[in-house]
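Proteins come first, then strands; the chains are lettered A, B, ... in the order of their sequence lines, and each starts at number 1.
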Amino acid sequence: MDLATLMGLVLVIAALFIGILTGGGDFAAFINIPSLFITVVGSIAATMVAHPKDKAFKIVNIMLSTLKEPKLDHVSLIQTMVSFSEKARREGLLSLEENLESIEDPFMKKALQLVVDGTDPDLLRNMMETEMELFEEELDGERAVLESAGAYAPAFGMIGTLIGLIQMLKSLNDPETLGPSMAVALITTLYGAILANGVFLPMAEKIKKRRDILVLEKRMILEAVLSIQAGENPRILEEKLKSFLPEKERQAYEAASQEATA
Amino acid sequence: MDLATLMGLVLVIAALFIGILTGGGDFAAFINIPSLFITVVGSIAATMVAHPKDKAFKIVNIMLSTLKEPKLDHVSLIQTMVSFSEKARREGLLSLEENLESIEDPFMKKALQLVVDGTDPDLLRNMMETEMELFEEELDGERAVLESAGAYAPAFGMIGTLIGLIQMLKSLNDPETLGPSMAVALITTLYGAILANGVFLPMAEKIKKRRDILVLEKRMILEAVLSIQAGENPRILEEKLKSFLPEKERQAYEAASQEATA
Amino acid sequence: MDLATLMGLVLVIAALFIGILTGGGDFAAFINIPSLFITVVGSIAATMVAHPKDKAFKIVNIMLSTLKEPKLDHVSLIQTMVSFSEKARREGLLSLEENLESIEDPFMKKALQLVVDGTDPDLLRNMMETEMELFEEELDGERAVLESAGAYAPAFGMIGTLIGLIQMLKSLNDPETLGPSMAVALITTLYGAILANGVFLPMAEKIKKRRDILVLEKRMILEAVLSIQAGENPRILEEKLKSFLPEKERQAYEAASQEATA
Amino acid sequence: MDLATLMGLVLVIAALFIGILTGGGDFAAFINIPSLFITVVGSIAATMVAHPKDKAFKIVNIMLSTLKEPKLDHVSLIQTMVSFSEKARREGLLSLEENLESIEDPFMKKALQLVVDGTDPDLLRNMMETEMELFEEELDGERAVLESAGAYAPAFGMIGTLIGLIQMLKSLNDPETLGPSMAVALITTLYGAILANGVFLPMAEKIKKRRDILVLEKRMILEAVLSIQAGENPRILEEKLKSFLPEKERQAYEAASQEATA
Amino acid sequence: MDLATLMGLVLVIAALFIGILTGGGDFAAFINIPSLFITVVGSIAATMVAHPKDKAFKIVNIMLSTLKEPKLDHVSLIQTMVSFSEKARREGLLSLEENLESIEDPFMKKALQLVVDGTDPDLLRNMMETEMELFEEELDGERAVLESAGAYAPAFGMIGTLIGLIQMLKSLNDPETLGPSMAVALITTLYGAILANGVFLPMAEKIKKRRDILVLEKRMILEAVLSIQAGENPRILEEKLKSFLPEKERQAYEAASQEATA
């Protein structure tokens with residue numbers, strides 16, 4: 001569970017709730033199904049025109065994915081890679097085959113499989129970098145779907161309000177209904193603004209940040225596998241990987257290492 | 001047929017339809033030929049000033065092209081390239097000449113023709129990369145036309161509304177006509193917003209995404225042809241190409257391969 | 001004559017004309033000299049602050065230049081370069097000196113002059129690339145002038161409208177004059193929107209697109225001259241240059257070649 | 001203390017204070033707790049959805065960090081590095097070990113530790129560049145949090161105003177309350193504009209500028225350490241580092257050097 | 001004196017003057033000290049939060065600097081460099097020492113000093129490129145200050161108008177004062193728009209353009225000094241430098257050269 005996403009969404013709703021409550025608390029005044037229809041269907045429809053089928057039809061899945069936090073354990077990642085490095089030096093690269101089974105991360109598994117298969121280092125780097133690139137493009141494509149939805153939501157909000165205003169102005173005979181009609185027209189703009197700024201755009205940003213973190217992890221894995229293949233000293237590998245860690249995680253790693261040694 | 005584009009456009013219309021229906025259903029109030037003229041002609045005119053003749057005059061073709069989905073079959077692409085690789089190793093590069101006829105993709109055809117002609121690998125890569133670059137620029141040029149139209153449509157929508165407002169304000173003697181006049185003025189803004197956000201901008205985005213996919217395919221083909229020319233092992237070629245596939249297609253490819261072997 | 005630019009400008013005017021006509025046709029209501037003065041002088045003045053003297057003072061020339069279409073004949077360009085390549089192989093590089101006179105394009109002339117002078121290939125490439133870079137910067141500078149004007153025109157339109165509104169509100173005693181005063185205030189915004197979206201911004205975009213086309217041509221010329229200097233096979237040169245052509249022009253070139261051979 | 005940040009914030013408040021005072025000085029009219037709640041909680045909530053937990057939950061710390069000025073003393077940095085360079089040439093690289101204790105900057109400490117440990121120069125550069133990259137990403141992540149907050153604050157300001165307007169329009173029976181209700185609705189927009197333009201966005205910009213300065217310093221340190229490791233002449237090192245200084249600091253450095261010599 | 005900047009600023013004022021004059025000429029209606037205070041102090045305060053002390057406190061100097069035109073004389077620059085090249089070939093690199101005194105440009109002076117000192121060419125290029133980079137960053141920093149001011153000015157203009165509107169709406173009892181109060185509120189928006197679009201943003205753009213020109217000149221000098229150090233033929237140096245000149249200056253240079261020879 002991504003706590004920040006969840007708490008953020010809850011707080012967005014709380015902010016709106018408080019805003020309506022202190023203004024009189026007439027919640028019914030803020031619910032209008034046709035307005036919701038125009039904003040949600042309109043912005044998702046435009047997103048479908050804008051994106052390839054395999055991305056556009058998964059927009060709900062993409063949104064849900066921002067609620068799940070990817071597992072990242074750099075400390076044990078380094079420990080694993082260093083232990084593989086030591087084993088490879090002692091017993092040869094082929095000995096890593098028996099560890100392949102227990103590896104969960106498909107990127108690491110594939111890279112090590114290639115090492116065990118005796119793949120040429122340049123080809124291995126080339127193939128794994130293509131894989132990383134595709135991974136980046138996959139997440140960028142998901143982000144782009146949410147960014148499109150976030151751009152079209154306020155636009156369809158405004159379109160809905162314009163439709164409401166035009167209808168109101170056409171029959172401007174009863175000044176008593178002017179206010180309520182305009183209120184209804186403005187609800188569509190409100191929906192568009194909330195959807196874009198409370199949901200679509202922040203979720204798109206989260207996917208972008210997550211991509212950076214996951215790509216960094218993949219870079220660490222690739223660096224480590226290439227070092228193992230080249231038969232580099234495990235201590236050097238450890239140093240290299242540690243330079244990828246922020247200060248705090250580095251201390252955690254060192255604490256964990258000393259425990260292991262003790 | 002690109003299902004996402006089609007469904008998206010249908011849903012955009014549905015959203016507008018519902019919006020008008022629930023507001024009273026006076027569809028006639030939303031049709032105004034001069035407003036349509038200003039928005040459509042104005043935004044296309046500005047696009048013609050902005051772009052080269054050969055692109056600007058094709059705007060309708062470009063829009064229609066987003067409805068056609070490009071055929072992409074990575075599984076059979078890899079199978080074809082691997083079979084060519086095996087054949088070239090067995091019978092020599094010249095033996096590929098007899099396969100040239102049956103190749104539909106002009107990019108693949110040209111690259112293989114160059115291999116058969118004994119072109120120097122560096123020159124071949126250089127020429128095919130120029131071709132890829134031109135292909136990218138072609139699609140970027142088409143996208144830019146729709147992006148311009150999408151930027152000028154709301155601008156001319158606003159220009160039309162300003163023209164309407166100025167005329168309305170000049171003769172502000174009859175308050176009864178104020179509302180309807182303003183409604184007419186706002187229709188142009190509505191048209192501009194719908195055209196930009198429901199049609200031009202999403203279509204431009206689709207062309208951009210499609211370009212990325214098609215360029216990736218061309219990169220796979222070029223990679224494969226260079227590997228064939230270099231006489232690389234077909235297994236290595238297969239592995240290289242498979243690293244371009246997303247997880248799902250990779251499984252499809254492996255399933256297809258096993259069937260072929262079985 | 002650049003047909004697209006011209007037709008675009010005519011259609012922009014037509015769209016505005018129709019818009020005013022159908023709203024009553026009171027053209028006089030849309031002419032206001034002080035509003036025109038604020039928008040035009042204001043946006044050009046800000047452009048003068050923003051750009052170097054030699055660009056800012058040429059804004060009218062730059063605008064007119066978008067009406068002239070650059071001559072581009074890739075078919076005869078390739079034919080010329082291939083014929084030079086053949087001649088150089090037969091009679092030596094020095095023999096090209098007699099052709100220099102008849103070359104109109106200054107970029108091609110300079111490059112070939114350097115070849116005839118026996119300039120070192122690296123130096124030649126270096127010098128011609130500097131020249132290309134300067135050419136790009138020159139056109140980018142022109143485009144930037146129009147982009148600035150396109151950004152400042154709506155801003156000064158709004159400034160003019162604010163001035164009008166403030167004056168109107170100060171003397172809000174006669175409700176009868178309210179409408180007409182506001183109409184006059186809005187005209188400045190209208191002028192700014194038309195100037196930016198119908199003139200400045202589309203022209204800036206055209207210059208950008210044109211730059212891309214002209215730089216591609218220069219790249220073809222440089223590629224060809226370097227190939228001639230290196231004594232490459234004219235057939236290879238022909239192939240290289242053909243890969244710069246889009247499909248349609250390539251067919252035109254092949255048709256022209258066959259005629260020439262026949 | 002970063003004087004510019006502090007004075008800027010004080011002046012922003014002064015500008016608002018004067019603005020309210022000259023308009024009648026009714027400060028109470030500008031305080032509205034629910035409006036504040038919607039803007040502050042809404043924009044921070046959206047920022048939490050948008051960013052990873054470890055950044056989003058630190059937004060207050062990040063804002064406070066713009067008030068602390070990083071210590072930068074290029075003159076003594078160069079003197080230190082040159083003195084290390086001289087010592088290393090006289091007494092060997094290992095002699096630097098005794099200086100490690102007294103170094104405060106963790107980046108410089110780590111780099112010199114690696115030198116003393118006899119790390120291979122390429123590996124050292126590689127590791128320290130990874131470290132610099134992570135440092136940049138850390139600050140970019142902090143900046144992105146404030147930029148998000150700065151983008152969502154005006155959006156939630158508008159959302160709050162829309163909520164207020166809709167409530168006001170629903171009950172448009174008493175024209176006397178129209179004005180005050182609208183005033184309350186507008187306060188949320190005001191809060192959003194102040195938060196974004198007076199706090200979040202300028203602070204984000206400051207972090208960006210600070211990053212550039214700190215990265216430059218790290219580049220100087222890395223350059224110096226590699227020069228020391230390579231046993232370069234201390235005079236050359238001095239010249240290299242001096243070319244990183246702006247004119248004014250260079251004169252300060254030279255003045256300081258002459259004093260030291262005299 | 002930069003004529004374009006000066007004339008631009010004068011014309012901006014003229015446009016505003018004419019606009020007010022034709023609307024009745026009530027200049028007093030457009031002067032409001034508190035509005036000016038909010039806009040100017042607010043936007044400069046936010047700029048101070050956003051930028052490092054040494055840039056933010058120099059904003060007036062930076063603005064004045066756009067009025068001074070940098071001296072650029074490419075013709076004499078090339079003549080000087082070619083004469084140095086000839087002298088160095090005849091009398092050795094050390095002979096340039098006597099010319100150092102008379103060189104005004106500090107960049108050229110430093111580069112030639114390094115040549116005379118017998119600095120290694122790679123180190124020289126490295127050091128001078130660091131210097132160029134710092135120069136670019138210096139001007140980019142100045143530009144960024146004006147861009148920030150240009151972004152915050154309309155924001156504080158809007159903040160001032162919101163403050164005015166809220167105060168007006170709170171006491172909406174006297175319809176007679178409605179108009180004038182609103183006029184005063186709008187003045188702050190007007191000030192923000194004028195400051196941003198007539199002063200800050202165009203000046204930022206001018207600094208950007210100027211940077212490009214000055215960096216090009218530095219590139220010419222560095223290219224020339226490296227050529228002199230390498231002992232290249234002065235004619236080749238001349239050709240290299242001439243390719244940096246636009247067509248018009250090239251003709252001026254050739255005219256000047258022929259005079260010199262004659």
Side-chain angles (χ1 to χ4, degrees), chain B residues 32-35 37-57 106 110 114 117 119-120 123 126-131 133-135 137-138 140-141 144 148 151-152 155-156 158-160 162-173 181 184-185 188, chain C residues 2-16 18-24 26 29-30 66 69 154 175-176 178-184 186-187 189-190 193-194 196-199 201-206 208-210 212-213 216 223 236 239-240 242-248:
Chain B
N32 185 296
I33 302 299
S35 293
F37 190 84
I38 295 179
T39 320
V40 173
V41 172
S43 57
I44 290 185
T47 306
M48 280 166 62
V49 177
H51 289 275
K53 213 164 48 198
D54 65 319
K55 290 281 181 314
F57 289 175
K110 174 161 184 195
L114 288 171
D117 293 353
T119 313
D120 175 78
L123 180 60
N126 190 278
M127 281 170 67
M128 297 315 289
E129 278 175 354
T130 305
E131 194 118 340
E133 226 179 278
L134 281 176
F135 174 80
E137 275 173 25
E138 179 71 21
D140 283 347
S148 287
Y152 296 129
F156 278 88
M158 196 188 80
I159 287 171
L162 282 169
I163 290 177
L165 280 180
I166 290 168
Q167 279 169 330
M168 183 191 87
L169 291 165
K170 277 277 169 187
S171 53
L172 203 71
N173 30 27
S181 299
V184 171
T188 327
Chain C
D2 187 320
L3 214 64
T5 308
L6 196 70
M7 277 183 60
L9 290 175
V10 168
L11 281 175
V12 164
I13 293 165
L16 299 174
I18 296 289
I20 295 173
L21 210 67
T22 56
D26 180 9
F30 290 92
T66 64
E69 191 151 40
E176 293 248 322
L178 187 77
S181 299
M182 195 148 176
V184 170
L186 280 181
I187 285 179
T189 293
L190 177 66
I194 293 174
N197 294 291
V199 182
L201 294 179
M203 283 180 169
E205 183 85 10
K206 172 129 303 166
K208 189 180 166 199
K209 296 292 160 195
R210 198 171 277 173
D212 292 348
I213 295 171
L216 191 75
E223 207 69 55
I236 288 181
E239 282 307 317
K240 263 192 195 170
K242 269 165 63 187
S243 61
F244 281 97
L245 300 186
E247 197 47 36
K248 232 167 105 184

Heavy atoms, side chains only, cut-off 4.5 Å: are C:Leu11 and B:Met48 in contact?
-> yes
Could you tell me which portion of B:Met158 (side chain, backbone, both or neither) has an atom closer than 4.5 angstrom to a non-hydrogen atom of chain C?
-> side chain
Heavy atoms only, distances under 4.5 angstrom: which of B:Ile38, B:Leu134, B:Thr119 has the most pairs with chain C? Name it, please.
-> B:Leu134
By a 4.5 Å heavy-atom criterion (distance strictly below it), what part of B:Phe135 contacts chain C: side chain, backbone, both, or neither?
-> neither
Among C:Lys240, C:Glu69, C:Glu205, the residue with the most heavy-atom pairs under 4.5 Å to chain B is C:Glu205
For the candidates B:Ala50, B:Pro52, B:Ala151, which exhibits the highest count of non-hydrogen atom pairs separated by less than 4.5 Å from chain C?
-> B:Ala50
Exercise: identify the closest heavy-atom pair between B:Ala46 and C:Pro202 | O-CB, 3.4 Å
Is C:Lys208 atom NZ crowded by more than 12 heavy atoms from other residues, nucleotides or ligands, each under 6.0 Å away?
-> no
Residue, of B:Thr47, B:Val41, B:Asp120, B:Ile163, that accumulates the most heavy atom pairs under 4.5 Å with chain C | B:Ile163
B:His51 backbone acceptor or donor facing C:Lys206 side chain under 3.5 Å | yes
Sort B:Leu123 into side chain, backbone, both or neither according to what part of it lies under 4.5 angstrom from a heavy atom of chain C.
-> side chain
In terms of heavy-atom contacts, C:Thr22 and B:Pro34 come closest through OG1-CB, 3.3 Å
Cut-off 4.5 Å, heavy atoms of chain B, and the answer for C:Leu6 is neither
Please confirm whether the backbone N or O of C:Thr5 pairs with a side-chain atom of B:Lys53, one donor and one acceptor, at under 3.5 Å?
-> no
Nearest heavy-atom neighbours spanning B:Phe156 and C:Asn197 | CE1-O, 3.8 Å
Could you tell me which non-hydrogen atom of B:Met127 sits nearest to which non-hydrogen atom of C:Ser243, and how far apart they are?
-> O-CB, 3.8 Å
The interface call for C:Glu239 against chain B, heavy-atom contacts under 4.5 Å, is both
Measure C:Val10 against the heavy atoms of chain B and call it side chain, backbone, both or neither at under 4.5 Å.
-> neither
Below 4.5 Å from any heavy atom of chain C, which atoms of B:Lys110 appear? Answer side chain, backbone, both or neither.
-> side chain
Heavy-atom proximity to chain B below 4.5 Å, by part of C:Ile213 | side chain
Against chain C, label B:Ile159 side chain, backbone, both or neither, depending on which of its atoms sit under 4.5 Å from a heavy atom there.
-> both
Between B:Ile166, B:Asn126, B:Leu165, B:Leu162, which shows the greatest number of heavy-atom pairs under 4.5 Å with chain C?
-> B:Ile166
Select, from C:Ile187, C:Thr66, C:Val199, the one with the greatest count of heavy-atom pairs under 4.5 Å involving chain B.
-> C:Ile187
Could you pull out the closest heavy-atom pair between C:Ile20 and B:Gln167, with the gap in Å?
-> O-NE2, 3.0 Å
Using non-hydrogen atoms and a 4.5 Å limit, figure out which bit of C:Phe30 sits close to chain B: side chain, backbone, both or neither.
-> side chain
